[in-house]
Amino acid sequence: MLLASVWIALFANWPLWKAMANLPEMGQSRGIFFITAFALMVAALLSALLSLVAWHSTVKPVIALFLLAAALGAYFMGTYGVVIDSSMMVNVLVTDWREVRDLLSLRLLLSVLFLAGLPLIFLWQVKFEPAKLSQQLTRNFLVLAGSLTLVLIIGLLSFADLSSTMRNHRSLRYMINPLNSFYAVGMLIHEANAIPNKPPAIIDTTAKLLPRSAKTKPLLLLLVVGETARADHFSLNAYPRATNPELAQQDVMSFRNVSSCGTNTATSLPCMLSHLGRKDFVARQQEYENLLDLLQQTGLAVFWLENQAGCKEVCDRIPHGFAKHPPKGIQHAAGVCEEGECLDEALLTGLDARLASLPQVRRNQGVVLVLHQMGSHGPAYYKRSPPTHKPFQPECKTNVLQNCPPQQIINAFDNSIVYTDYLLSRGIDWLSKQQANYEPAMLYLSDHGESLGENNIYLHGLPYALAPKEQKHVPMIFWLPPSTRVSKGIDYDCLHHKLDEPLSHDNLFHTVVGLVGIQTKAYQTSLDILHSCRSR
């Protein structure tokens with residue numbers, strides 16, 4: 001048990017020691033002393049925890065669990081610069097096989113074999129003789145007491161450095177391995193129990209769809225939920241590369257100063273569709289239905305089409321389907337879906353048939369189609385675009401991003417943005433063909449951003465307070481043809497003056513409610529982007 005604690009503290013925490021060694025205040029001999037003392041403290045904390053389960057029948061499997069958790073945590077923290085908190089643990093729990101496959105590599109295997117495999121071979125060769133209960137209790141108590149005493153002594157001797165370092169560099173708290181993983185699981189359990197396990201509350205039982213003029217047609221809104229897209233990599237937002245060649249030819253507006261609700265899909269997706277706003281959503285004491293439920297409740301036809309790991313329960317109560325399963329009698333084009341994974345173009349296959357399958361009585365009131373992209377999901381960015389949409393070469397063609405030059409990573413990511421540009425433009429073309437029966441509109445908004453190696457950080461999912469702007473600055477694009485502008489009384493020139501205003505996911509619920517025309521006490525005009533530019 002003590003050997004396992006020392007091994008994990010010294011070797012499986014190498015990302016922590018590397019991060020601490022790179023701190024400017026650790027450059028002197030005092031810094032070396034502090035890191036050494038902190039390593040002893042981590043080893044002592046681990047031995048204290050393990051002393052609670054050091055029994056003949058449990059000690060081997062529990063040590064094995066600690067070793068495996070530490071080995072995996074060390075790899076992902078060291079490779080991608082992430083930290084492990086409750087939101088990152090949610091990502092782990094809700095990921096699907098496609099996303100897991102993109103993370104597998106020889107480097108991962110070798111790392112786990114060294115950090116966990118070697119000590120496990122030794123562990124399983126050790127023969128334990130059962131001790132009397134009193135003897136084992138005494139041993140465990142002495143180890144627990146000795147470990148906690150050592151933690152206390154080290155903490156007192158290095159209190160000034162410890163408190164200053166942890167206060168000024170909060171990310172280090174989420175790198176103590178594998179205590180970070182176990183703490184994250186504990187927080188998830190606590191958060192799950194903090195909110196009553198009962199059906200979500202209805203947002204507003206009195207909500208209703210306002211009557212429209214007999215001269216106007218029902219609204220057809222294509223709501224595209226992007227994945228892992230960065231606003232600063234859209235040429236519509238002054239990025240120097242031509243990542244939006246097709247949207248540049250469409251009459252779209254790109255809002256350039258939009259912040260996400262979270263840094264991962266599992267957090268952002270429910271939050272961005274909530275009426276509460278980020279602050280109240282995080283502090284909520286009960287679950288509520290979301291924007292999609294409200295739209296359906298008031299009589300609209302709503303449909304969610306998925307091309308990712310799932311809708312994180314936001315579409316559970318509305319009709320939904322998967323892009324890889326096109327409508328009956330319709331097939332995807334060659335190369336769109338291969339090996340169980342589809343490019344985002346699959347979202348547009350058979351869209352006419354999907355629209356026609358919705359109840360006519362609801363379609364007469366209005367339609368909201370939600371397309372959930374695979375987008376720019378990493379680390380295998382090169383998989384997110386077909387050969388016909390890869391203008392930036394050479395691109396990184398591995399999921400071990402550190403093996404690629406930085407520019408190749410950016411090339412692969414930018415190619416995925418080019419493909420999203422193509423998808424959105426084709427979506428606008430499809431909407432334009434529906435104008436005989438509908439007033440069309442499109443709203444695109446990404447769930448979160450992505451780190452591409454800035455400050456040695458990759459991917460996403462850092463705690464919101466610690467996450468860099470690259471993980472929170474997201475693109476939002478709006479398309480409204482002249483007929484819909486007239487029908488909804490929206491001044492397009494007025495909207496152009498809002499493109500640089502600070503916005504967030506908080507605006508989504510209220511903007512859609514205002515555009516659709518729903519009367520509800522949950523609606524806030526101050527959060528409706530269109531409200532001040534609406535003449536009626």
Asks: Tell me if the CG atom of Asn22 is crowded by more than 12 foreign heavy atoms within 6.0 Å.
Replies: yes
Asks: To the nearest 0.5 Å, how far apart are CD1 in Ile409 and OH in Tyr382?
Replies: 13.0 Å
Asks: Locate the shortest heavy-atom distance separating Ala323 from Leu347; write the atom from each residue and the value.
Replies: CB-CD2, 3.8 Å
Asks: Could you tell me how the ring of Phe478 sits relative to the ring of Phe255: parallel (under 30°), tilted (30 to 60°) or perpendicular (over 60°)?
Replies: tilted
Asks: Just by modelled atom types, is the Cys315 backbone N or O under 3.5 Å from a matching donor or acceptor in the His320 side chain?
Replies: yes
Asks: Please answer whether the main-chain N or O of Leu527 pairs with a side-chain N or O of Asn507 as donor and acceptor at a distance below 3.5 Å.
Replies: yes
Asks: Taking everything shown except Arg170 itself, do over 12 heavy atoms lie less than 6.0 Å from its CZ?
Replies: no
Asks: Give every residue pair that meets the side-chain hydrogen bond (donor to acceptor under 3.5 Å, both in side chains) criterion with at least one member in residues 225-238, sequence neighbours excluded.
Replies: Glu227-Thr265, Glu227-Gln308, Glu227-His448, Arg230-Asp232, Arg230-Glu454, His233-Tyr239, His233-Asp414, Ser235-Asn244, Asn237-Ser254
Asks: Could you pull out all residues at least two apart from Ser147 that satisfy side chain to side chain donor-acceptor pair (under 3.5 Å)?
Replies: Ser47
Asks: Would Arg278 and Phe281 count as a cation-pi pair here, with the cationic atom under 6.0 angstrom from the ring centre and within 45° of the axis?
Replies: no
Asks: Would you indicate whether Asp316, at its atom CG, is surrounded by more than 12 heavy atoms from other residues, nucleotides or ligands within a distance under 6.0 Å?
Replies: yes
Asks: Does Gly453 offer a backbone N or O that forms a donor-acceptor pair with the side chain of Ser451 under 3.5 Å?
Replies: no
Asks: Would you say CD of Gln407 has more than 12 non-hydrogen atoms from neighbouring residues, nucleotides or ligands within 6.0 angstrom?
Replies: yes
Asks: May I have all residue pairs that pass salt bridge (charged side-chain N to carboxylate O under 4.0 Å, His left out) and include part of residues 458-472, sequence neighbours excluded?
Replies: none
Asks: Taking all atoms of both residues into account, what is the closest heavy-atom pair of Thr267 and Pro270, and its distance?
Replies: O-CD, 3.5 Å
Asks: For residues 152-162, tabulate all N or O donor-acceptor pairs below 3.5 Å that involve a side-chain atom, not counting sequence neighbours.
Replies:
| unit_1 | atom_1 | unit_2 | atom_2 | d |
| --- | --- | --- | --- | --- |
| Ser158 | OG | Ile154 | O | 2.7 |
| Asp161 | OD1 | Arg30 | NE | 3.4 |
| Asp161 | OD1 | Arg30 | NH2 | 3.2 |
| Asp161 | OD2 | Arg30 | NE | 2.9 |
| Asp161 | OD2 | Arg30 | NH2 | 3.4 |

Asks: Other residues, nucleotides and ligands only: do more than 12 of their heavy atoms fall within 6.0 Å of CD on Glu339?
Replies: no
Asks: Scan for salt bridge (charged side-chain N to carboxylate O under 4.0 Å, His left out) pairs involving residues 249-262, sequence neighbours excluded, and state none if there are none.
Replies: Asp251-Arg485, Arg256-Asp500
Asks: Residues two or more places apart in sequence or in another chain: which of them pass ring pair (Phe, Tyr, Trp, His ring centres under 6.0 Å) with Phe33?
Replies: none
Asks: Kindly determine whether Phe392 and Phe413 satisfy ring pair (Phe, Tyr, Trp, His ring centres under 6.0 Å), including the steps that lead there.
Replies: CA-CA 9 Å; Phe392 305 114; Phe413 183 84; over 10 Å; no
Asks: Can you pull the side-chain hydrogen bond (donor to acceptor under 3.5 Å, both in side chains) pairs that have at least one residue in residues 177-186, sequence neighbours excluded?
Replies: none
Asks: Can you name the side-chain contact (heavy atoms from CB on, under 4.5 Å) partners of Ala248, sequence neighbours left out?
Replies: none
Asks: List for me each residue that meets ring pair (Phe, Tyr, Trp, His ring centres under 6.0 Å) alongside Trp7, sequence neighbours excluded, and say none if there are none.
Replies: Phe11, Phe114
Asks: Sub-3.5 Å donor-acceptor pair from the side chain of Gln285 to the main-chain atoms of Ala283, do we have one?
Replies: yes
Asks: Tell me, which pairs form a salt bridge (charged side-chain N to carboxylate O under 4.0 Å, His left out) where one or both residues lie in residues 377-404, sequence neighbours left out?
Replies: Asp102-Lys383, Asp102-Arg384, Glu341-Arg384, Lys390-Glu395
Asks: Which of parallel (below 30°), tilted (30 to 60°) and perpendicular (above 60°) describes His275 and Tyr288?
Replies: perpendicular
Asks: Nearest 0.5 angstrom please: Leu459 CG to Thr263 OG1, how far?
Replies: 11.5 Å
Asks: Applying side-chain contact (heavy atoms from CB on, under 4.5 Å) to Gln373 and Val225, what does each step give before you reach the verdict?
Replies: CA-CA 6 Å; Gln373 282 187 273; Val225 179; over 6 Å; no
Asks: Using every non-hydrogen atom in the two residues, find where Pro379 and Leu103 come nearest and quote the distance to one decimal.
Replies: CD-CD2, 3.4 Å
Asks: How many angstroms lie between atom CG of Leu236 and atom CD of Gln250, to the nearest 0.5 angstrom?
Replies: 10.5 Å
Asks: How many angstroms lie between atom SG of Cys261 and atom CG of Leu508, to the nearest 0.5 angstrom?
Replies: 10.5 Å
Asks: Donor-acceptor pair, Tyr419 side chain versus Glu345 backbone, under 3.5 Å?
Replies: yes
Asks: Closest heavy-atom contact between Leu343 and Gly335?
Replies: CD1-O, 3.8 Å
Asks: Please check if the side chain of Asp421 supplies one atom and the backbone of Ile417 the other of a donor-acceptor pair under 3.5 Å.
Replies: no
Asks: Measuring from atom OG1 of Thr420 to atom CG of Asn415, what distance do you get when rounded to the nearest 0.5 angstrom?
Replies: 11.0 Å
Asks: Applying disulfide bond (SG atoms under 2.5 Å apart) as the test, list every pair that has at least one member in residues 388-421; sequence neighbours left out.
Replies: Cys396-Cys404
Asks: For Ser274, is there any backbone N or O sitting under 3.5 Å from a side-chain donor or acceptor partner on Asn290?
Replies: no
Asks: Evaluate side-chain contact (heavy atoms from CB on, under 4.5 Å) for Tyr174 paired with Val82, printing each intermediate quantity in order.
Replies: CA-CA 9 Å; Tyr174 304 101; Val82 301; over 6 Å; no
Asks: Establish, from distance only, whether the side-chain atoms of Gln471 and Tyr464 form a donor-acceptor pair under 3.5 Å.
Replies: no
Asks: Return yes if some donor-acceptor pair links the side-chain N/O of Ser111 with the main-chain N/O of Leu108 below 3.5 Å, else return no.
Replies: no
Asks: So Tyr381 and Glu450, side chain to side chain donor-acceptor pair (under 3.5 Å) or not? Walk me through it.
Replies: CA-CA 11 Å; Tyr381 305 119; Glu450 184 87 331; 2.5 Å; yes
Asks: In Å, rounded to the nearest 0.5 Å, how long is the span from CG of Leu115 to CG of Leu68?
Replies: 10.5 Å
Asks: May I have all residue pairs that pass salt bridge (charged side-chain N to carboxylate O under 4.0 Å, His left out) and include part of residues 455-468, sequence neighbours excluded?
Replies: none
Asks: If we count only N and O atoms by modelled type, under 3.5 Å, do the side chains of Asp528 and Gln524 hold a donor and an acceptor together?
Replies: no
Asks: Mind listing the closest non-hydrogen atom pair of Met175 and Leu16 along with its distance?
Replies: O-CB, 3.8 Å
Asks: Using the side chain to side chain contact (heavy atoms under 4.5 Å, CB included) definition, which of the options Leu3, Ile63, Ile8, Leu67 pairs with Pro119?
Replies: Leu67
Asks: Sub-3.5 Å donor-acceptor pair from the side chain of Asn264 to the main-chain atoms of Ala266, do we have one?
Replies: yes
Asks: Is the backbone of Met374 close enough, under 3.5 Å, to the side chain of Asp344 for a donor and an acceptor to pair up by distance?
Replies: yes
Asks: Among side-chain atoms of Asn399 and Arg107, is any donor-acceptor pair under 3.5 angstrom?
Replies: no
